[in-house]
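These values consider heavy atoms only, across backbone and side chains, with no hydrogens, waters or symmetry-generated copies.
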Amino acid sequence: MAFDRRELAAVFVGGALGAVSRAAFETLAAPDPGRWPWPTFVVNIAGAFLLGYFTTRLLERLPLSSYRRPLLGTGLCGGLTTFSTMQVETISMIEHGHYGLAVAYTTVSITAGLIAVYTATMLVRRVRVGKR
């Protein structure tokens, strides 16, 4: 099976930009299992919003492109968001006896992420497409 090197490059560039952005944001607060992990929460919700926006816009509003989705969706949003860090933070909360915080963090993260995707999708769809 052949692969497109330009598509791979788009994923790499987008992923690098997303990961660097997340890492820069994550340096704002050291993890504490007794507190809400705001940096991870914010990047995950922002990433969910961006994924909803990019996916809807690219599929429904812009001409087909081989590289926009890999760059923005797979790369940027994939590098920006971090489900694995959310899991590690949740396990740490549980290990330190912060059960309510762990349940709240997991529930709110998933719910807010779904709301962010839905909101972004609806915002893109509300914009009228001009006649050509």
Subject >> Residue pair Leu123, Phe49: steps toward the side chain to side chain contact (heavy atoms under 4.5 Å, CB included) verdict >> reply: CA-CA 10 Å; Leu123 287 173; Phe49 181 89; 3.9 Å; yes
Original post:
Same hydrophobic cluster for Ile94 and Val103, using side-chain heavy-atom links shorter than 4.5 Å among ILVMFWY?
Top reply: no
Original post:
With no hydrogens and no angle check, is any side-chain donor or acceptor of Thr27 less than 3.5 Å from a backbone partner on Ala24?
Top reply: yes
Subject >> Co-membership, hydrophobic cluster, residues Ile45 and Leu72, 4.5 Å side-chain >> reply: yes
**OP:** Answer with yes or no whether the side chains of Thr121 and Thr56 bring together a donor and an acceptor at under 3.5 Å.
**Re:** yes
Original post:
Considering only heavy atoms from C-beta outward, does the side chain of Met93 approach that of Pro37 to under 4.5 Å?
Top reply: yes
Subject >> Backbone N/O of Gly79 and side chain of Arg22: donor-acceptor pair under 3.5 Å >> reply: yes
**OP:** State whether the side chain of Thr119 and the backbone N or O of Ile115 hold a donor-acceptor pair below 3.5 Å, judged by distance alone.
**Re:** yes
Subject >> Distance (rounded to the nearest 0.5 Å) between Met86 CE and Ile91 CD1 >> reply: 10.0 Å
Original post:
Measuring from Tyr67:OH to Glu7:CD, what's the distance to the nearest 0.5 Å?
Top reply: 7.5 Å
**OP:** Please round to the nearest 0.5 Å and tell me the distance separating atom OG1 of Thr81 and atom CG of Leu51.
**Re:** 8.0 Å
Subject >> Atom pair CZ (Arg57) and CZ (Arg68), whose distance is rounded to the nearest 0.5 Å >> reply: 9.0 Å
Subject >> Closest non-hydrogen atom pair, Trp38 against Phe25 >> reply: O-CE2, 4.5 Å
**OP:** For Ala48 and Ala116, work out which heavy atoms get closest and say how close.
**Re:** CB-CB, 4.2 Å
Original post:
In Å and rounded to the nearest 0.5 Å, what is the OG1 to CD distance from Thr82 to Gln87?
Top reply: 9.0 Å
Original post:
Honestly curious: do Tyr118 and Phe41 fall in one hydrophobic cluster under the side-chain, below-4.5 Å linking rule?
Top reply: no
Original post:
Do Leu76 and Val20 share a hydrophobic cluster, counting only Ile, Leu, Val, Met, Phe, Trp and Tyr and linking them when any side-chain heavy atoms are less than 4.5 Å apart?
Top reply: no
Subject >> Val13 reachable from Leu80 in the ILVMFWY side-chain graph, under 4.5 Å edges >> reply: yes
**OP:** List the steps and the verdict of side chain to side chain contact (heavy atoms under 4.5 Å, CB included) for Glu26 and Thr40.
**Re:** CA-CA 7 Å; Glu26 291 275 345; Thr40 304; 2.9 Å; yes
Original post:
With sequence neighbours excluded, what pairs up with Tyr105 under the ring-ring contact (aromatic ring centres under 6.0 Å, His included) test?
Top reply: Trp36
Original post:
How far apart are the closest heavy atoms of Tyr53 and Ala120, and which atoms are they?
Top reply: N-CB, 3.4 Å
**OP:** Any chance you could measure Leu17, atom CG, to Cys77, atom SG, to the nearest 0.5 Å?
**Re:** 11.5 Å
